[in-house]
Amino acid sequence: MSIRTGDVFMKQALTGLPKHSCRKILRAAVPLLLGLAAAGAQAAPPTNGIGNPMLHSPQLPHLHVQMTYNPQLTKLWYQALQQNLPEVISKTCTAISVAVENKAPDLQTLIPLLEHLAASKTLPVTVRTSVAKTLARIADKHTESFLAHLDSSDPHAFALVLDPLLSKWHNASMRRVWLARLKSPATALQIQASAAKALGTIHDHRADEVLKKIILDAGKPLILRFAAAKSLAILHATGVATLSKHLLKAQVDRVEQRLLCADMLSASTSAAQRKILLTLAADSNSAVAAIAWRALIKHDVNSLQSLTEPMSHNADPTIRMLVAKTWRRIGGNNSIDGLGVTLNDQRRPIRWYARDALIFWGSQSRSRAAVINTCRSIIHGRDPLAIRQACLVLGKLDDKASTQDFLSLLSSKHQAVRLGAVVALRRVAVRSTLPTVLTFAQSTAKNSQFASANSMKPGNGVLRNDDNLQLSQAFQFFGLMRYRPALLVMIPCIPKNAPYGVEARQAAIWAIGMIDNGQSHPRLANELAGRLDDMEMPIPEFEQVREMSAITLGRIHAKAHLTDLNASFSAQDIGSLSLACRWAIGKITGKYPPLPHATSMFQTGFLVPLSQH
């Protein structure tokens with residue numbers, strides 16, 4: 001197995017292990033560690049915080065394709081399952097499982113045949129397992145007794161597939177089976193671990209002593225010890241402090257022991273167990289610290305306050321994200337200061353999280369002043385990463401007192417700072433800043449033209465992209481403020497061969513429509529209709545530009561181009577361009593066409609009915 005250990009989090013997880021334990025810890029702990037790392041990444045805010053008002057004006061409906069199902073498909077699968085051909089049965093089961101995920105109807109009619117196949121001794125074990133997986137997906141409580149019989153009679157084929165479902169149902173007949181598997185040294189390792197998890201899920205306290213023995217037995221495989229620790233955590237929110245201390249006082253200090261303790265205490269509610277968790281939260285191993293830290297955030301976040309400052313400098317981004325989460329939960333001046341420092345973190349998701357946490361606390365009247373003061377001090381500093389995020393915070397909080405600072409930042413040599421400043425200016429919306437922002441836009445447009453003329457030279461592509469983001473925000477500002485002098489810099493962005501990126505052209509066309517709303521401009525309408533209709537190969541017009549062209553045609557009431565709009569609108573197309581054309585038609589005529597309706601016939605690519613071809 002090849003495991004990438006480039007991240008500090010993964011390296012820390014393996015620190016201090018004896019050589020003979022490395023393979024064991026990789027098998028048992030790596031899935032856990034990867035899960036933690038992924039969870040840290042998923043906690044990041046979904047956007048960069050810049051925002052685009054043009055995407056919400058007008059507010060187009062969000063429609064979904066309606067899935068339809070061919071009733072012949074279930075009959076076809078039934079026939080395929082009856083063929084007694086292992087490969088066909090396996091592929092059919094895969095197709096049925098996909099259908100379950102897509103909420104296909106009438107699949108329960110397949111259950112009796114699937115039960116028959118799963119119980120068949122003539123089919124290969126792998127095929128029976130595939131059938132059992134499909135049964136587990138579509139099964140209901142009526143099949144519980146059959147599935148329990150299947151699991152107990154042939155664990156090697158079915159335990160790993162059916163244990164999670166049966167434990168979720170709290171199946172009574174499997175309790176003794178799982179306990180017997182856990183106690184028996186002859187049981188296969190994976191099946192023992194599955195039994196341990198199941199006993200925790202059903203809260204069977206008869207397994208307490210067996211689970212504790214497994215955890216304390218250093219000779220047991222780590223995968224089993226971790227499964228036992230997780231189950232014990234579910235069974236006991238209190239009462240495992242003594243066991244944890246025993247593990248931590250072992251003669252040889254090993255990472256896996258601390259990982260086991262952190263896992264076992266993850267649902268802790270007692271003061272004694274939280275004290276141990278607090279010690280583990282400061283552990284030098286990032287995996288141990290992360291598990292403990294997450295538990296304390298959930299159960300006793302205030303206890304982490306003393307650790308936030310020293311752990312905020314941790315080399316592992318997972319830990320730094322957890323520190324930021326803690327500050328957001330706790331609040332107060334110290335947390336706000338810490339979040340301010342985090343705005344310059346080298347990992348973008350952490351900067352984003354800190355920014356949104358500051359916006360959250362800045363929206364509270366009791367802490368607004370502290371957030372604004374922190375961010376003002378940052379924009380007077382020298383760190384471009386932090387300055388950009390601080391600008392976004394102040395803009396979101398509508399801090400008009402910082403307007404002059406935003407204007408001065410437009411001349412920064414750092415493109416990230418200039419982008420943050422122009423977004424903030426758009427948000428605070430002070431009309432007196434428009435002439436300065438127009439001068440900035442004109443200068444940036446020249447830079448974009450230069451970059452386009454020299455696009456073959458290394459480095460200019462990046463410059464052009466950032467220039468376009470800045471222009472896009474400036475143009476949206478002009479559109480929102482109905483600033484007519486800006487038309488001179490935006491109209492040249494309409495042509496297809498204009499030396500600007502799609503972001504700038506899209507925003508320019510939208511802003512022109514906002515400024516000229518309700519006014520007829522035949523020449524402008526002709527240009528926009530040309531963009532809307534341009535599907536010339538091999539390089540058709542950008543979809544975003546076509547969409548904004550349609551919207552602006554609607555805003556300027558271009559009746560002469562209703563034919564163009566109708567040509568790009570379809571009653572079966574729910575895409576944004578079709579919806580934009582529908583909106584424009586309604587804006588011009590006063591009557592909106594019916595909402596489009598799109599359907600799609602469900603298929604898995606295997607055994608498609610002839611009627612669908």
Side-chain angles (χ1 to χ4, degrees), residues 47-60 359 388 391-400 402-403 406-407 409-410 415-448 464-494 498 500-519 524 528 531 542-556 576 580 583-584:
T47 70
N48 57 16
I50 293 173
N52 288 292
M54 63 180 172
L55 302 182
H56 307 286
S57 177
Q59 188 72 53
L60 300 176
I359 291 171
R388 171 172 167 174
C391 284
L392 296 178
V393 173
L394 292 170
K396 193 73 172 178
L397 297 179
D398 195 25
D399 182 33
K400 289 181 169 56
S402 296
T403 299
F406 300 148
L407 288 172
L409 291 173
L410 290 178
Q415 294 175 1
V417 172
R418 297 199 299 271
L419 180 58
V422 73
V423 173
L425 286 164
R426 170 177 64 74
R427 285 174 172 164
V428 297
V430 176
R431 194 161 193 85
S432 62
T433 64
L434 285 166
T436 304
V437 178
L438 177 56
T439 301
F440 166 76
Q442 291 169 332
S443 173
T444 306
K446 289 181 181 178
N447 288 340
S448 183
R464 185 183 178 194
N465 182 58
D466 284 346
D467 284 344
N468 283 315
L469 293 176
Q470 295 166 43
L471 283 174
S472 174
Q473 291 298 313
F475 292 167
Q476 290 178 74
F477 182 28
F478 299 148
L480 291 168
M481 302 298 285
R482 313 297 197 269
Y483 189 55
R484 186 163 293 277
L487 289 173
L488 291 175
V489 73
M490 294 191 294
I491 288 176
C493 295
I494 297 176
Y500 308 100
V502 62
E503 300 92 351
R505 295 179 60 221
Q506 178 187 19
I509 293 170
W510 176 84
I512 290 168
M514 295 289 287
I515 294 169
D516 283 337
N517 193 10
Q519 301 182 36
L524 173 63
L528 294 172
R531 296 303 88 237
F542 287 105
E543 189 89 352
Q544 302 97 309
V545 172
R546 296 180 65 204
E547 179 184 338
M548 287 305 171
S549 297
I551 288 170
T552 297
L553 283 170
R555 285 206 167 108
I556 64 175
S576 58
W583 180 88

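Sequence positions, counted from 1, serve as the residue numbers for this chain.
In this structure, M481 and I515 have side chains that are not in contact, with every pair of non-hydrogen atoms separated by 4.5 Å or more. Annotation: side chain of P435 is in contact with side chain of Y483 (closest heavy-atom distance under 4.5 Å). Considering only heavy atoms from C-beta on, L410 comes within 4.5 Å of L425 through its side chain. Y500 places none of its side-chain heavy atoms less than 4.5 Å from the side chain of D467. At a threshold of 4.5 Å between non-hydrogen side-chain atoms, the residues W583 and R555 count as touching. Counting heavy atoms from C-beta on, the side chains of L528 and I556 come closer than 4.5 Å. Side-chain atoms of I512 and I494, non-hydrogen and from C-beta on, do get closer than 4.5 Å to each other. The shortest distance between side-chain heavy atoms of L434 and F477 falls below 4.5 Å.
To the nearest 0.5 Å, atoms CZ (R484) and CE (M490) are separated by 9.5 Å. To the nearest 0.5 Å, the span separating OG on S432 from CG on L407 amounts to 7.5 Å. One finds the CG atom of L469 at 11.5 Å from the CZ atom of R418 (value rounded to the nearest 0.5 Å). With rounding to the nearest 0.5 angstrom, the CG atom of N447 is 8.5 Å from the CD atom of Q415. How far CG of L471 is from CD of Q442: 10.5 Å, rounded to the nearest 0.5 Å. Annotation: the span from I509 atom CD1 to L524 atom CG amounts to 9.0 Å, rounded to 0.5 Å.
S443 places no side-chain N or O within 3.5 Å of a backbone atom of F440 that could act as its donor or acceptor partner. The main-chain N or O of M54 is found under 3.5 Å from a side-chain atom of Q476 such that the two form a donor-acceptor pair. The main-chain N or O of A474 is never found under 3.5 Å from a side-chain atom of R426 such that the two would form a donor-acceptor pair. Between the side chain of R482 and the main chain of L480, a donor-acceptor pair closer than 3.5 Å is present.
For the side-chain contact (heavy atoms from CB on, under 4.5 Å) with N52, the qualifying choice from Q473, Q506, E503 is Q473, the only one to do so.
Nearest heavy-atom pair across A445 and V489 is CB-CG2, 4.1 Å. A pairwise comparison of heavy atoms in L409 and C391 identifies CD1-SG, 3.5 Å as the closest pair. The two residues S402 and L394 make their nearest non-hydrogen contact at OG-CD1, 4.0 Å. Looking at every heavy atom in both residues, G479 comes nearest to M514 through O-CB, 3.4 Å. Heavy-atom minimum distance, A550 versus A584: O-CB, 3.2 Å. Contact record, A504 with F475: O-CD1, 3.5 Å, taken as the closest heavy-atom pair.
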Next item on the list: Kindly indicate, with the supporting measurements, whether the criterion side-chain contact (heavy atoms from CB on, under 4.5 Å) is fulfilled by L487 and D516.
Entry: CA-CA 10 Å; L487 289 173; D516 283 337; 4.3 Å; yes
Notebook entry, point to check: For Q544 and E547, what are the C-alpha separation, side-chain angles and deciding distance, and is it a side-chain contact (heavy atoms from CB on, under 4.5 Å)?
Noted result: CA-CA 5 Å; Q544 302 97 309; E547 179 184 338; 5.5 Å; no
